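Structure record follows, encoded as structure tokens.
From a predicted model like this one, the values you see are computed outputs, not experimental measurements. Within every chain, numbering begins at 1; the chains are lettered A, B, ... in the order of the sequence lines, protein sequences first and strands thereafter.
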Protein chains: 2
Amino acid sequence: MDAKFKAINDPTRREILQFLVNGPQNAGKIAEQFEMSKPSISHHLDLLKQAKLIQAEKKGQFIEYKLDKSGFEVIHTWFQSFSKYFEFPKPKIRIEI
Amino acid sequence: MDAKFKAINDPTRREILQFLVNGPQNAGKIAEQFEMSKPSISHHLDLLKQAKLIQAEKKGQFIEYKLDKSGFEVIHTWFQSFSKYFEFPKPKIRIEI
DNA sequence: AAATAATTTAGACATTCGCTTAATTATCTA
DNA sequence: TAGATAATTAAGCGAATGTCTAAATTATTT
């Protein structure tokens with residue numbers, strides 16, 4: 001739990017998550033997006049992985065990262081615990097006839 | 001944005017938010033819940049207020065705190081941006097006939 | 001007007017965080 | 001197998017964070 005909130009506390013890590021919405025990418029491609037040293041990005045990826053917000057898969061020389069649903073669900077559940085108090089805007093539904 | 005994620009990063013502050021789900025409370029009552037000095041709690045309340053996750057209202061000698069919807073909605077919106085990728089469990093709907 | 005109560009502000013200290021450069025591990029290719 | 005490429009691990013440093021005690025502020029009561 002702590003690890004997840006810690007992970008999303010940093011703006012760079014949030015940007016990494018947003019970037020991965022477009023699909024899986026390897027560490028190098030991710031690092032290219034930022035004006036920051038590769039070791040720093042590597043460290044951020046590690047924290048996101050520990051938080052189970054991303055998953056790593058080694059593909060030969062490369063390591064591919066992608067979003068990990070399990071971590072997001074935990075945050076989502078925490079967030080839902082406040083819905084007693086608030087009603088958040090619901091997703092629009094469409095009924096086809 | 002940063003202030004909100006920072007605010008929910010701390011476990012004490014998350015507990016304060018959970019505590020306030022049961023309704024508004026003054027600073028003293030909130031502090032009673034924790035084995036921590038009042039000034040520390042006061043500081044946590046300040047960060048939550050800056051993040052617009054809680055609102056403070058002075059009532060005579062007391063200061064009453066309650067959850068602030070506006071801050072939660074911002075976080076909710078951020079979270080929704082990942083729904084392209086994931087489907088989170090949807091609230092159940094019932095269609096009456 | 002003085003005493004009491006609720007809360008915040010100020011100052012100090014140890015810990016954690018995010019960043020960098022340098023060194024290391026693993027894989028691919030000529 | 002040597003050299004290049006991808007990525008991580010290690011070591012170190014300044015800044016930010018969370019906590020405390022003590023002092024200050026604001027409001028109520030007597």
- Query: What distance separates Asp68(B) CG from Phe86(A) CZ, expressed to the nearest 0.5 Å?
  - Reply: 6.5 Å
- Note on the structure: ring pair (Phe, Tyr, Trp, His ring centres under 6.0 Å) filter on Phe5(A), not counting sequence neighbours, yields Trp78(A)
- Just call it for His43(B): base, sugar-phosphate, or nothing, with non-hydrogen atoms closer than 4.0 Å on any strand. base
- Query: Does Gln55(A) offer a backbone N or O that forms a donor-acceptor pair with the side chain of Lys49(A) under 3.5 Å?
  - Reply: no
- Message: Rounded to whole Å, how long is the line connecting atom CG of Asp2(A) with atom C1' of dG18(D)?
- Response: 14 Å
- Report the distance from atom CZ of Phe5(B) to atom P of dG18(C), rounded to the nearest whole Å. 14 Å
- Does Asn26(A) have a side-chain nitrogen or oxygen under 4.0 Å from the phosphate oxygens OP1 or OP2 of dA6(D)? no
- Task: Tell me which nucleotide among dT21(C), dA5(C), dA22(D) gets nearest to the side chain of Ser37(A).
- Result: dT21(C)
- Just to confirm, is there a sub-4.0 Å distance from OP1 or OP2 of dC17(C) to any side-chain nitrogen or oxygen of Lys6(A)? yes
- Rounded distance in Å - CZ (Phe62(A)) to P (dA4(D)): 17 Å
- Task: From the options dC20(D), dT9(C), dC19(C), select the nucleotide whose nearest atom is closest to the side chain of Met36(B).
- Result: dC20(D)
- Message: Tell me whether Lys52(A) at atom NZ has more than 12 heavy atoms from other residues, nucleotides or ligands lying less than 6.0 Å away.
- Response: no
- Message: Can you tell me which nucleotide in dC19(C), dT7(C), dT8(D) comes closest to the side chain of Tyr65(A)?
- Response: dT8(D)
- Do side-chain atoms of Thr77(A) reach the backbone of Glu73(A) as a donor and acceptor pair under 3.5 angstrom? yes
- Message: Whether Lys58(B) contacts dT26(D) is assessed here as follows: a side-chain N or O lying under 4.0 Å from the phosphate OP1 or OP2. Is that the case?
- Response: no
- Item | Distance in angstrom units between Leu47(B) CG and dT7(C) C1', rounded | 16 Å
- Query: Hey, which of these two, Ile41(B) or Ser40(A), hits DNA chain C nearer its 5' end, going by closest nucleotide?
  - Reply: Ile41(B)
- Between dT19(D), dT21(D), dA6(C), which nucleotide gets closest to the side-chain atoms of Pro39(B)? dT21(D)
- Task: For Asp10(B), answer base if it contacts any base atom (sugar-phosphate contacts may also be present), sugar-phosphate if it contacts only those atoms, and nothing otherwise; contact means non-hydrogen atoms under 4.0 Å.
- Result: sugar-phosphate
- Message: What is the separation between atom CG on Leu48(B) and atom P on dT8(C), rounded to the nearest whole Å?
- Response: 12 Å
- Quick one: Ile30(B) CD1 to dA6(C) P, roughly how many Å, whole number? 14 Å
- Message: Tell me whether the side-chain N or O atoms of Gln61(A) pair up with the base of dT5(D) as donor and acceptor below 3.5 Å, since no angle test is needed here.
- Response: yes
- Task: Round to a whole Å and report the spacing from CG of Asp46(A) to P of dC17(C).
- Result: 13 Å
- Query: Tell me: CD of Glu35(A) to P of dC19(C), nearest whole Å?
  - Reply: 13 Å
- Message: With a 4.5 Å cut-off on side-chain heavy-atom distances among I, L, V, M, F, W and Y, is there a chain of contacts connecting Leu47(B) to Leu45(B)?
- Response: no
- Message: Heavy atoms only, 4.0 Å cut-off, all strands: where does Phe34(B) land among base, sugar-phosphate and nothing?
- Response: nothing
- Where the side chain of Arg13(A) meets the backbone of Ile8(A), is there a donor-acceptor pair that is under 3.5 Å apart? no
- Message: Whether the side chain of Asn9(A) engages the backbone of Lys6(B) through a donor-acceptor N/O pair (distance < 3.5 Å, no angle test) should be reported.
- Response: yes
- Bracket notation of DNA chain D in which parentheses pair within the strand, [ ] cross earlier pairs, and | pairs with another strand (Watson-Crick or G-U, under 3.5 Å): ||||||||||||||||||||||||||||||
- Task: When you get a sec, tell me which of dG18(D), dA6(D), dG18(C) is the closest nucleotide to the side chain of Arg13(B)?
- Result: dG18(D)
